[in-house]
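What follows is a set of notes on a single structure, which appears directly below.
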Amino acid sequence: MIENCKICSGTGKKVVKYSECPECEGKGYLEEFETKSHFKNASKNSKYDFDDEEIPCPTCNGTGSIPEYEECDYCNGTGKVVKCDSCGCEIGKYPEDKDLKVCENCKQKEDVRNDNKKVVYVLDNMFTMNDLEEGKFYKGKISRSEKYGVFVQLNEKTRGLLRFREVVGKRPSDFHIGDEIIVQVSELKLEKRELDLRYVPIAGYKLEKLEKEHELIDIKEIFDTGLMNMKDKVIRVQGEVLQAAQTPGPTVFTITDGSEVAWVAAFESAGVRTHPDVIMGSIIDVVGSVSVRDGKLQIERMKLVKLEGDEEQKVKDKIDVELDKKAEPESDIEFLVESDILEKLRPKMADVAKRIRRAVLDGRPVIIRHHADTDGYCGGIALEKAIVPILEKFSMDSGAQWHYFRRSPSKAPFYELEDVTKDLLFSIEDYLRFGQKMPLIVLVDNGSTDEDIPAVSQVKAYDIEVVVVDHHFPGEVIDGKVEIDEFVEAHVNPYLVGGDSNLTAGALATEVARMINSEITELVEHLPGIAVVGDHAKGEAVEAYIKIALERLTKCSAEFGSGKVYSRADVEKIGQCMDFEAFYLKFMNGMGIVEDIYGMNKKDFARHEKLIKILYERAMAMVDRQMKAVRPAIKTKTLPNGIIFNTLDVEKYAHKFTFPAPGKTCGFAHDSIVEQYEPGTPVITLSYGPDFGVVRATDAVSEKFNFNLNHIVTQFIDEIPEASLDGGGHECAGSLKFVEGLREKVINRFAEVVLEMKEKD
């Protein structure tokens, strides 16, 4: 305790000597004074007869001397000392010893008394029944009362039964729910998960709080040991929160420590959000008991702490290293075909594969956007088959395929604003409603051109990662980069390494998919062959892909189908059926139907053959109907430079809003004309509507005249700025878009460019 100093009486100073009072000169009284200052209600000018000696000096209070002070050396000027709470002896100075309570003698006496007291333990929430000892005393709280006894809660996870027959000195009516009570463990029945208690009154006891420390382990160790072997055991893990979801019961945090993923369930009351400061991306330290829910690991929280500062960064760095290792793709896998361009693209493809795997491990949704044609569907479905098994393996969500993955077609051969708006809205909604991270967006068979920049730049405003697998002309390549590379994290395109569009996006995406998950090779190996045929690609690698497709389809037909031997024409039919179905799928992904069209379900291969027969007959009937309408309207001219130039007004002479669409109509019209000439004849077909044009050209036009539609589009943008023109695509297949009022000018200028083209020397 703290009391006033006995020397200075709490003033902190002492008198060292006295000196003469300067006011009264040592007399102790004043000879002259003001009457008013000494007598109440008296005027200062009043004249009374007073004895001067009876008026004391106010300075020295009539003593005639003034004291002089110095700091009290006993209490060092503080005016206080510290005394023992028990005996009152002085034990220290103030304030440095203010926390002292008892002197050494009293402390020794107290220790002796404590040694003779019973020890009563207070358990923290980390202790379980396995940690208790028979015969020891514990402090608890009565949680339930029955006729035969009361249940005593020792902590959140441990409670036992105190039967009234085990009570000494009290009646059953003395026990009430909520009362704190000291009990003794009489018997532990661990195999039955039962704890029997007794009550014995104890007069003197001391409380000792027990806090249990748990060694930090990796989540993977729990799986390696076995979930059932680890059930109910208390463990400690540290990890990053991937998702925080509020259920009607507990708050469930999905966490990863880099080695594996687990759920952490924290319950305070039904439907109430626990640990509101713990959000997606938080690093937490959790102690809890192992349980299994829906076949997944769930840690029942006993203690949860949000880490910050250096501790937080240390765990983040560890998780980042671990996930980086797990995200490494099989980058040294052999490609399905030999190709120098593929080998040059290998580092870029491995980068895309790693980013996709890392997104899955990070708990980020993956959105695939692909062009709605045969090539785009081949690439999109190949990536889907690679990603979904990994997603289901590493995600705690039993519906991970539906919650963390989405594949959607794009009508345009570029990522347009309509598509990006949908993707952003869905992603933001999932973030707000379910606490999901923002996604990784994978663009397949689009994403490389200037037309993709507006949509991609909008995505980047939300810090969303974007990767591209495409084969469209990306513009001028400078040091292996193009304009879109400023907006995307990874970009695979043959043009970046000196290639061309003949290695299609479907083929490239399939090879990337095999890097992500090589186990799908047999499932997807025929897709590149369908993709290259659908895009009319040429080259040695193309022929090798087609050969693989023919062998695989023939083998499946022999085992589960009609036993037919597949030819290139059969592969073309598959591509045409996919284009036909894509017209009606519109913005739906076609899950299930697409697999059947591509013959991916081996055991249902007979259904594939039936479906192709039905779709092909229906598609060709509609094509024949369209061609009967457009053939008479095709205008053909043989130009002086030897080019066969064809024009067709699809607005006037083709059926609208039905298959085939203007682009396909142009393709069929072009093919019907090419058949009339010798191979190698340069043929260009232009179909046009009110505000668009569709161009198809034979390879001979590119080879002999250096024809590249993308260069023409760039030229027209400068020449006719008022037409607000854009478009492009491949060198010999693409589109033009312009304002309707400038149609004649654009079409005529295109005809002039074709007329002015000169054959290469």
Side-chain angles (χ1 to χ4, degrees), residues 240 242 281 316 319-321 323-331 344-371 376 379-380 382-384 386-387 390-391 404-408 410 414-416 419-420 423-424 426-428 431 436-472 474-475 477-497 505 508-509 511-513 515-517:
E240 178 185 354
L242 302 179
K316 275 187 175 180
I319 292 173
D320 192 59
V321 170
L323 292 183
D324 240 22
K325 290 179 183 177
K326 294 178 76 170
E328 283 295 333
E330 300 178 56
S331 56
K344 291 178 181 178
L345 280 173
R346 186 183 288 273
K348 295 180 182 294
M349 296 166 74
D351 188 18
V352 170
K354 181 175 181 177
R355 290 178 184 275
I356 293 174
R357 285 179 60 88
R358 181 59 191 265
V360 172
L361 297 175
D362 281 340
R364 282 182 290 155
V366 177
I367 296 175
I368 294 179
R369 273 285 179 183
H370 60 81
H371 188 206
L383 289 172
E384 177 180 322
I387 294 169
I390 298 176
L391 187 59
Y404 289 88
F405 178 83
R406 187 167 71 252
R407 176 178 58 80
S408 300
S410 295
F414 59 90
Y415 194 32
E416 57 184 344
D419 297 333
V420 73
D423 292 341
L424 283 176
F426 286 135
S427 299
I428 294 172
Y431 169 78
Q436 287 187 354
K437 294 183 177 182
M438 296 302 274
L440 165 72
I441 294 179
V442 184
L443 302 179
V444 179
D445 201 22
N446 54 31
S448 286
T449 68
D450 295 346
E451 290 179 286
D452 296 279
I453 291 177
V456 174
S457 61
Q458 185 174 345
V459 164
K460 300 309 292 181
Y462 291 86
D463 294 325
I464 293 175
E465 190 176 3
V466 180
V467 298
V468 174
V469 180
D470 196 8
H471 71 135
H472 288 91
V477 180
I478 301 175
D479 296 329
K481 291 185 176 294
V482 292
E483 189 172 357
I484 193 67
D485 288 328
E486 297 180 17
F487 303 90
V488 300
E489 277 67 29
H491 185 192
V492 173
N493 191 307
Y495 285 96
L496 300 178
V497 293
L508 295 170
E511 299 290 8
V512 171
M515 287 183 174
I516 296 170
N517 184 358

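Note that these values count all heavy atoms, side chains included, but never hydrogens, waters or copies made by symmetry.
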Minimum heavy-atom separation for H471 and P494, please, with both atom names.
CA-CD, 4.0 Å

Measuring from L443:CG to H370:NE2, what's the distance to the nearest 0.5 Å?
11.5 Å

Can you tell me how far the CG atom of L383 sits from the CD1 atom of I516, to the nearest 0.5 Å?
5.5 Å

With a 3.5 Å distance limit and no angle check, can you tell me whether R358 reaches the backbone of L323 through a side-chain donor-acceptor pair?
no

CD1 on I484 to CG on D452, rounded to 0.5 Å
5.5 Å

Between atom CE of M349 and atom CE of M515, what is the distance when rounded to the nearest 0.5 Å?
5.0 Å

Which heavy atom of S410 sits nearest a heavy atom of D419, and at what distance?
OG-OD2, 2.8 Å

Looking only at heavy atoms, which two atoms of P365 and K437 are closest? And how far apart?
CD-O, 3.3 Å

Grab the two heavy atoms, one from P329 and one from K354, that are nearest each other, plus how far apart they are.
CD-CB, 3.7 Å

Set out, in order, the CA-CA distance, both residues' side-chain angles and the distance that settles side-chain contact (heavy atoms from CB on, under 4.5 Å) for Y415 and I441, then state yes or no.
CA-CA 11 Å; Y415 194 32; I441 294 179; 3.6 Å; yes

Do I464 and P439 touch side chain to side chain, with heavy atoms closer than 4.5 Å?
yes

When every non-hydrogen atom of V366 is compared with those of A359, the smallest separation belongs to CG2-CB, 4.2 Å

Would you say that H472 contacts N446 through its side chain, given a criterion of any heavy-atom pair below 4.5 Å between the two side chains?
no

Are any non-hydrogen side-chain atoms of I356 and I387 less than 4.5 angstrom apart?
yes

Apply side-chain contact (heavy atoms from CB on, under 4.5 Å) to the pair F405 and I368, showing each step before the final yes or no.
CA-CA 8 Å; F405 178 83; I368 294 179; 3.7 Å; yes

Knowing that exactly one of D470, D351, D485 qualifies, which makes a side chain to side chain donor-acceptor pair (under 3.5 Å) with H491?
D485

Does the side chain of M438 come within less than 4.5 Å of I428's, by heavy atoms?
yes

Strictly by side-chain hydrogen bond (donor to acceptor under 3.5 Å, both in side chains), give each pair with a member in residues 453-463 just once, sequence neighbours left out.
K460-E489

Going through the distances and angles, do I453 and D450 end up as a side-chain contact (heavy atoms from CB on, under 4.5 Å)?
CA-CA 5 Å; I453 291 177; D450 295 346; 4.2 Å; yes

Shortest non-hydrogen contact between Y495 and V477, atoms and distance:
O-CG2, 3.7 Å

Derivation and outcome, side-chain contact (heavy atoms from CB on, under 4.5 Å), residues V469 and V352:
CA-CA 8 Å; V469 180; V352 170; 4.2 Å; yes

Distance check, rounded to the nearest 0.5 Å: L440 atom CG versus R364 atom CZ?
5.5 Å

Carboxylate-amine/guanidinium proximity below 4.0 Å for D362 and R355
no

Kindly write out the residues that satisfy side chain to side chain donor-acceptor pair (under 3.5 Å) with K344, not counting sequence neighbours, or none if the list is empty.
none

Looking at side-chain heavy atoms only, is the closest gap between V466 and F487 below 4.5 Å?
no

Once rounded to the nearest 0.5 Å, what's the spacing between atom CG of N493 and atom OG1 of T449?
10.0 Å

